[in-house]
Protein chains: 2
Amino acid sequence: MRILVVEDDVNLNRQLSDALKESGYVVDQAFDGEEGHYLGDTEPYDAVILDIGLPVMDGITVVEKWRAGGKGMPVLMLTARDRWSDKVAGIDAGADDYVAKPFHVEEVLARVRALIRRAAGHSSSEIVCGPVRLDTKASKASVEGVALKLTSHEFRLLSYLMHHMGQVVSRTELVEHMYDQDFDRDSNTIEVFVGRLRKKLGVDLIETVRGLGYRMQAPNDAR
Amino acid sequence: MRILVVEDDVNLNRQLSDALKESGYVVDQAFDGEEGHYLGDTEPYDAVILDIGLPVMDGITVVEKWRAGGKGMPVLMLTARDRWSDKVAGIDAGADDYVAKPFHVEEVLARVRALIRRAAGHSSSEIVCGPVRLDTKASKASVEGVALKLTSHEFRLLSYLMHHMGQVVSRTELVEHMYDQDFDRDSNTIEVFVGRLRKKLGVDLIETVRGLGYRMQAPNDAR
DNA sequence: GTCTTCGACCACCAGAATGCGCATGCACCG
DNA sequence: CGGTGCATGCGCATTCTGGTGGTCGAAGAC
């Protein structure tokens, strides 16, 4: 984890940086807004600690510029205890949190931990199988980068197959997971959907295992 | 967006709730830890404001129980100004942020905004989707720079969709976040509002995913 | 061992039926 | 009087059904 500390008070900066290093982080330091902005723009940080009152360029502007440029790393602002309007401005500019000066170093550490923990929670939910990508969160599928237009049952089928990649999935298993409760088993709906799905996918990834069911698998695997 | 306020001081609770409602949120109230915990456990909130000192069950315990049960919604803690050790404990228990009492309501609002937009993965106070802009700070929306005149429910709908851009949002999910507690789910209200919103937007950004729900997305997205 | 035959299983088609989503209009409430 | 909630009916995408023809595999005949 790499952290940037932007603070013009040399003493305070060192104090923070030392505590962070002691907690196992890698720390870079900056002492004015421009230097801080440049570093945050070019280096990949997991979190930034940013004073609001800085020489050359103030903290709010720095955050705004980062956000406008698409930088999304968590930013912890340091503000004067009584300037609550600054806090509101900072937060609305895109800061994720702030601590009022004077603060306990302990507290800053806890907040940095929280920020990093929270930022880590945004992993996208994607399953990939050969050229096929499935985004479960967006309910979208694509082949070779081209979005597929699937109906909800087709999507559920693909989803179940991809969640059990490599396994043979029986027809009854599919029925039970695609429909609620009782469903007439004596019909070939599943086969029909497999057929439609195969056609839409274009690629031949759904293997049929005669007498057992279907299996989805990346093509280049030997077994 | 639906918010839970857990605060035993009746006056303060009402003050917060009123301010939140005025900002366009749907608000539920609780006045002790147990009631708060139960509500947060059973209803889907987009954020929770939680006092740390509560009757029956204290705030820290409430958060811990939620987190242990897998509840991940953002929690904003209210603490006494000088009990900084409480803050550290609260954050490590899983709270996302805190505000020290006494606070400016303005500040709480800013932090709630920040929490919600961060939970959705956005870093600045403006969310943009194609020609549509949503200003969470000012509660305003515009298309191609022209301000939209939306009713409060229309705005809430648009807001929720844009906070979950790219995701398919089910009708029940929308109902749960746009209304408080009891609401007749067997009606086509959502469909009607989607229709009205589409008409006002003019652009066709709200895609309907048959059988699943709705999805908001910039049209030119390839993945 | 190889070929043939037979039965089971599966893919595909196209029409039929379902039910979802939308627009419209009206009632209610502040 | 605008904002909101609900009922009706229509259109159509989606799903289901039944039938037909094809494919695979096993078992028996040679």
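Computed from heavy atoms alone, side chains included, the values below leave out hydrogens, waters and symmetry copies. Within every chain, numbering begins at 1; the chains are lettered A, B, ... in the order of the sequence lines, protein sequences first and strands thereafter.
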Consider the side chain of Tyr179(B), meaning its heavy atoms from C-beta on, and name the nucleotide among dT4(D), dG5(D), dT14(D) that approaches it most closely. dG5(D)
So does Thr151(A) get a side-chain nitrogen or oxygen closer than 4.0 Å to the phosphate oxygens (OP1/OP2) of dA13(D)? no
Is a salt bridge present between Asp51(B) and Lys101(B), judged by a nitrogen-to-oxygen distance below 4.0 Å? yes
Look only at the side chain of Ser187(B) and the backbone of Thr189(B), and say whether a donor-acceptor pair between them is shorter than 3.5 Å. yes
Double-helix bend of the helix from dG1(C)-dC30(D) to dG30(C)-dC1(D), axes at both ends from 5 pairs, round to 10°, gives 30°
Could you list by number each residue of residues 153-162 of chain B showing a heavy-atom separation from DNA chain D of less than 4.0 Å, or answer none if no residue does? His153(B)
Distance-only, no hydrogens or angles: does the Ser23(B) side chain make a donor-acceptor pair with backbone N or O of Ala19(B) under 3.5 Å? yes
How does protein contact run along nucleotides 14-30 of chain C, one letter per nucleotide 5' to 3', with B for base contact, S for sugar-phosphate only, - for none, heavy atoms under 4.0 Å? -----BBSSB-------
Return no unless some side-chain N or O of Thr189(A) is found under 4.0 Å from OP1 or OP2 of dC16(D). no
Can the ring centroids of Tyr45(B) and His177(B) be said to lie less than 6.0 angstrom from one another? no
Would you say dT4(D) has OP1 or OP2 under 4.0 Å from some side-chain N or O of Ser152(B)? yes
Residues two or more places apart in sequence or in another chain: which of them pass salt bridge (charged side-chain N to carboxylate O under 4.0 Å, His left out) with Glu207(A)? Arg215(A)
Atom CG of Leu150(A) to atom C1' of dT15(D): distance rounded to whole Å? 15 Å
Close side-chain approach of Leu150(B) and Lys200(B), heavy atoms under 4.5 Å: yes
Side-chain donor or acceptor of Glu176(B) paired with backbone N/O of Glu173(B) under 3.5 Å: no
Pairs meeting criterion ring-ring contact (aromatic ring centres under 6.0 Å, His included) with involvement of residues 197-217 of chain A, two or more places apart: none
Please check if the side chain of Lys140(A) supplies one atom and the backbone of Asp135(A) the other of a donor-acceptor pair under 3.5 Å. no
Throw together a table of side-chain donor-acceptor distances under 3.5 angstrom for residues 190-199 of chain B, partners on residues two or more places apart or in other chains.
unit_1	atom_1	unit_2	atom_2	d
Arg198(B)	NH1	Ile206(B)	O	2.4

Within the 4.5 Å heavy-atom criterion, are Ser159(B) and Met1(B) side-chain neighbours or not? yes
Distance, rounded to the nearest Å, where Phe193(A) contributes CZ and dC12(C) contributes C1': 14 Å
